[in-house]
Amino acid sequence: MSVQDIYTSGASTGWNLVDATRLLQDQVLETDVVIIGTGAGGGTTAEILASSGLSVIMVEEGKLHSSKDFKMDELDAYPKLYQEGMSRATADGGISIMQGRTVGGSTTVNWTSSFRTPEATLNHWTKLGLKGFTVESMRPWFENREQRLGIEPWAVPPNPNNQVLKTGCETLGWSWHVIPRNVRGCWNIGYCGMGCPTNAKQSMLVTTVPGALSKGASLYYNLRANRLNFQGTSTRNLQCQAIDPVTQELLPRNIEIRARHYVISASAIGSPAVLLRSETPDPYKRIGKRTFLHPVNASLAIMPDKIEPFKGAPQSIYSDEFNWRDGVTGEAGFKMEVPPMFPALSAGIIGEYGEQLAQTMSQLPHINAVLSLIRDGFHEDSYGGEVRLRNDGTPELDYPVTDYLWRALKEAYLRMAELQFAAGAKKVKFLHNQSPYFSRYSDAKQWMENKELKILQSRLFTAHQMGGCSMGEDPSESVVNSDGRHHHIDNLSVIDASTFPTSIGANPQLSIYAMAARQATQLAQNLNSA
Amino acid sequence: MTDLTQSRRQFLRLSLLTPFAISASSAYLNGCAATTSQPAKPDSPAQYYFLDEEAADFWRAVLAVIVSREFHPSTLSNEEIERSIARIDDGIRHFSPANREKMGDLFNILSITLTRGLTTGVWRSWPNADNDDIRAFLDSWRDSSFQTFNQGFIALVQLGALTYYGASENWAKSGYPGPPQALKDALPQFNQEVAG
C-alpha cells in the first residue's frame, strides 16, 4: 500500500496553504468565517461551513506537519507536535498536560479512541438545561461523524498490553469492551501518538481540514490568534501574529482578519485565552472557569511474558466497571484503559532515576501500564480548574485536586493494581514518587490505603482538556448557549471541548465531532439565509 | 547587584514556594545570569541554544546519575553524555517562552554556589560533586514537603530520563527495537531521505 502525503499533492492542486512566518508583509484579509484552531472542533466546523459555500479562513497556531514528517520517533515528535514542546502542565506542575499543537490539533497525536458521549452525561447536561443534547437528538450526529471518520470497534485482537486489561477484568468479573477507533486501513503499528505515518488515522489533519481546503478554504499556520476587537455587540476583526514554530516567540508579522462570523475552536485552554486576551464582555466572570481534565493516574506491572507495550493499536480495550458505579453525581468514577509504553514516555513518567530506572527500563518489553480517567465535574466538590493569562498573554491552567478527586484517584490506584495482579503480574508499582514494587496485591493495598496522596507525589496526567467556556442557557452560569453562540457578542461562536459543562467520562474526540457537526450545520444555515 | 544579594533573593523566592513559573521578577534574574532564554553566543564552543556552561556542567554531573552510569559503565561514554545534553538543550528550545523562563530560574538556583548549597546540599561545584551527594539531593527534592522542590525533581529527572531513553542510540537499553525496517521501507518519508 503506498502512502501519499496529502498536503504535498493538495498543494499542487491549488490548496491555499500559508506559512505566516514566510509572509513578506502584513496583511488584511476578508472572509465569511474565520475559525481559530484546526482540531476536533475547528476542523469539523471548517469542512461543514466551506461545503455550504461560505468562504473560510482557518487560523492555526501550530505548524503544518503531515505524514511526510511523521518518523515514528518520540524525540522528534513530542517537541514538535505537543503544546509547549510537551512541557505543558498545570500551574503547580502537578498534572502533565498532553495536548496537540499542530494542524489537526490533538486529533493528529491522539490514540484514536472514539466513544459516543455516554448517555448518562447527555442526560446530565439536559438536566442542567442544555438544549439539543438529548440522546435522541444527538444520535444522528454521532452516526454522521462515525461514518465520516471511519469509526468502528477495533476488529483486530487487542495487543498484549490491552489483553492484560481484558484478562484482569475477566478474572475479576469486571466488565470490559472493545474500543471504537477512527481509522481506515490501519497498519496496527502503534505510532498514533507521534502522528500517524500512514494516514490511516482519520484525524482532522487528513479528513476535514483537507475537505475544507478542497472547497476553497484557506489555512494559515504558524499564526497566533491574538485578539478579537469588538464594536458594540459585534466582533469587528481578529488580530493575528506570526509565531516561531520552534521557540513559540511572536514574530513581527501581523494579519488582520475581518469576517462576518468568528468561531473559536482553540481548545479548553486556548479558547478561554483568546477570549480573555480580547477582554470579551463577561459580566458574570465565567470565561476560563470550570475546566476539566479527566485527571489520569496509572499503575505499572511487570508481566511474566513479553508484552511489547509499544507495538500495535495503543488502545483497544476499556473497562467502565467503576465509571458510573456511584451514580452520575456521586463519588467520581473512572474509566480504565492502557497507554502505549514507548521508551521516552515511559522513562519520563516512571519517576525513577539511576539504577532503579535502568532496571525498570531494561524490562520495558515486559511492562504493562493501566491508566484511569477520573470523571471530573459532575459533583459540586469537583468544580474544575481555571484558565488564566500569564504576563506574556499565554494561558496557564490552575487545577486544584480536591479531596473528592483524591478519593477517586486512590480507589483507581487500588483497582488498577488489583487488576494487574489478577492478570498475572509478577510485580506492580503505582506511578507515585514513593511507590516501591509490590509482589502481592495485599501489600500494594496496604501501602496505598495508608498513603496520604499529594500533588507532585502522585504522578498525574491529562490528555483530555474540557470546559472553560461552558455552554448553558443561563448567561450567569455559561459563556455560550447550547448552539455554541456567545451570550453577549452576536457574530461569535465557540465550538470545541471548552464548551462542555462537565467532563465526558470517556475519551472526548467523538463528543467534540458530533457537537461541532450539529452546531456548524446550524451556523451554516443561519449564515447562508442571512 | 552582587551575586550574594542575588542568591539571597532567589533563595527567598524558593523558600516562599514561589513556583518557578511565577516570574514577574525574573527580569533581574535574567539580568544577572545573562544566559537563560538567550541563544548561546556564537563563539560558545558547545553552541547550545539555551544552556550555559554551568547548566551543561550540571547535566554532565547529574545526567550520569539519572541514567546510572554505574549501571551501564561500559556503554555510557562522555560523548554519549554530551549528545544527551545537546538533546536536552533542543528539548528546552521547543518549550514555550514561559516554561523556558522557569527552567532558567531553576538553573540559576542550581548554578550559584549559595543557592545550590542551601537547596541541594551540594556545596562543591557540579564537576566536583560526588554521586552520593547528587543522589541525596535528588531524593531530598523528590521527598520534600515543599512543592517547588518536588516540581524541580520531576522537571530534571523527566527531562534527563526521557531524553536519554528516547534517543534511538539508547533504544536497545530498554529492549525497544524501534519501528520495523519493513515498515520504514514501505513509507515514502523514509525512502525520500535515502534518495536524498
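Quick note on labels: first sequence line is chain A, next is B, and so on, each numbered from 1.
- No side-chain heavy atom of A/Thr247 sits less than 4.5 Å from a side-chain heavy atom of B/His94.
- Taking the side chain as every heavy atom from C-beta outward, A/Leu364 and B/Tyr165 never approach each other to under 4.5 Å.
- Between chain B and the options A/Met86, A/Arg390, A/Gln363, the largest number of non-hydrogen pairs under 4.5 Å is found for A/Arg390.
- Of the charged side-chain nitrogens involved, none lies within less than 4.0 Å of a carboxylate oxygen, so that A/Glu352 and B/Arg142 do not count as a salt-bridged pair.
- Formation of a donor-acceptor pair under 3.5 Å by the A/Tyr353 side chain with backbone atoms of B/Arg135 is found in this model.
- Across all non-hydrogen atoms, the minimal contact from A/Phe310 to B/Gly175 is CZ-O, 3.8 Å.
- Remark: A/Pro340 pairs with A/Trp111, A/Pro314, A/Phe342 by the side chain to side chain contact (heavy atoms under 4.5 Å, CB included) rule, at least two apart or across chains.
- Interatomic distance, CZ of B/Phe149 versus CG of A/Leu456, reported as 13.0 Å (0.5 Å rounding).
- Atom CD of B/Gln181 has more than 12 neighbouring heavy atoms from other residues, nucleotides or ligands inside a 6.0 Å radius.
- Side-chain contact between B/Phe190 and A/Met72 is present, with heavy atoms from C-beta onward closer than 4.5 Å.
- In this structure, the portion of A/Arg459 lying under 4.5 Å from any heavy atom of chain B is its side chain and not its backbone.
- The line from CG of A/Asn433 to OG of B/Ser144 is 11.5 Å long, rounded to the nearest 0.5 Å.
- Taking the side chain as every heavy atom from C-beta outward, B/Pro97 and A/Gln248 approach each other to under 4.5 Å.
- Ranked by heavy-atom pairs under 4.5 Å with chain A, the list B/Asp90, B/Ile92, B/Asn131, B/Ile154 is led by B/Ile154.
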| task | For the pair B/Tyr49 and A/Val246, evaluate side chain to side chain contact (heavy atoms under 4.5 Å, CB included) and give the outcome as yes or no after the intermediate values. | result | CA-CA 12 Å; B/Tyr49 168 83; A/Val246 174; over 6 Å; no
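- Within the model, atoms OG of B/Ser68 and CE of A/Met361 stand 13.0 Å from one another, a figure rounded to the nearest 0.5 Å.
- Within the 3.5 Å criterion, the main-chain N or O of A/Ser87 finds a donor-acceptor partner in the side chain of B/Asn99.
- For the side chain to side chain contact (heavy atoms under 4.5 Å, CB included) test with B/Leu162, the passing option among A/Leu75, A/Ile350, A/Ile349, A/Leu345 is A/Leu75; the others fail.
- The backbone N or O of A/Pro197 lies less than 3.5 Å from a partner atom in the side chain of B/Gln189, making a donor-acceptor pair.
- Distance check: B/Ser96 OG to A/Gln83 CD gives 9.0 Å after rounding to the nearest 0.5 Å.
- With B/Gln158 contributing its side chain and A/Gly351 its backbone, the two residues share no donor-acceptor pair below 3.5 Å.
- The number of heavy atoms from other shown groups lying within 6.0 Å of NZ (A/Lys63) does not exceed 12.
- Contact residues of residues 120-129 of chain B toward chain A are absent (heavy-atom distance under 4.5 Å).
- Atom NZ of residue A/Lys454 and atom OG of residue B/Ser145 lie 6.5 Å apart, to the nearest 0.5 angstrom.
- Interface remark: of the candidates A/Pro245, A/Ser96, A/Pro343, A/Gly93, A/Pro343 forms the most heavy-atom pairs closer than 4.5 Å to chain B.
- Here the straight-line distance linking atom OG1 of A/Thr198 with atom CG of B/Leu183 works out to 8.5 Å at 0.5 Å rounding.
- Proximity to chain A (any heavy atom under 4.5 Å) is shown, for B/Val65, by both the backbone and the side chain.
- Put simply, of A/Leu357, A/Asp69, A/Asp5, the one with the most heavy-atom pairs under 4.5 Å next to chain B is A/Leu357.
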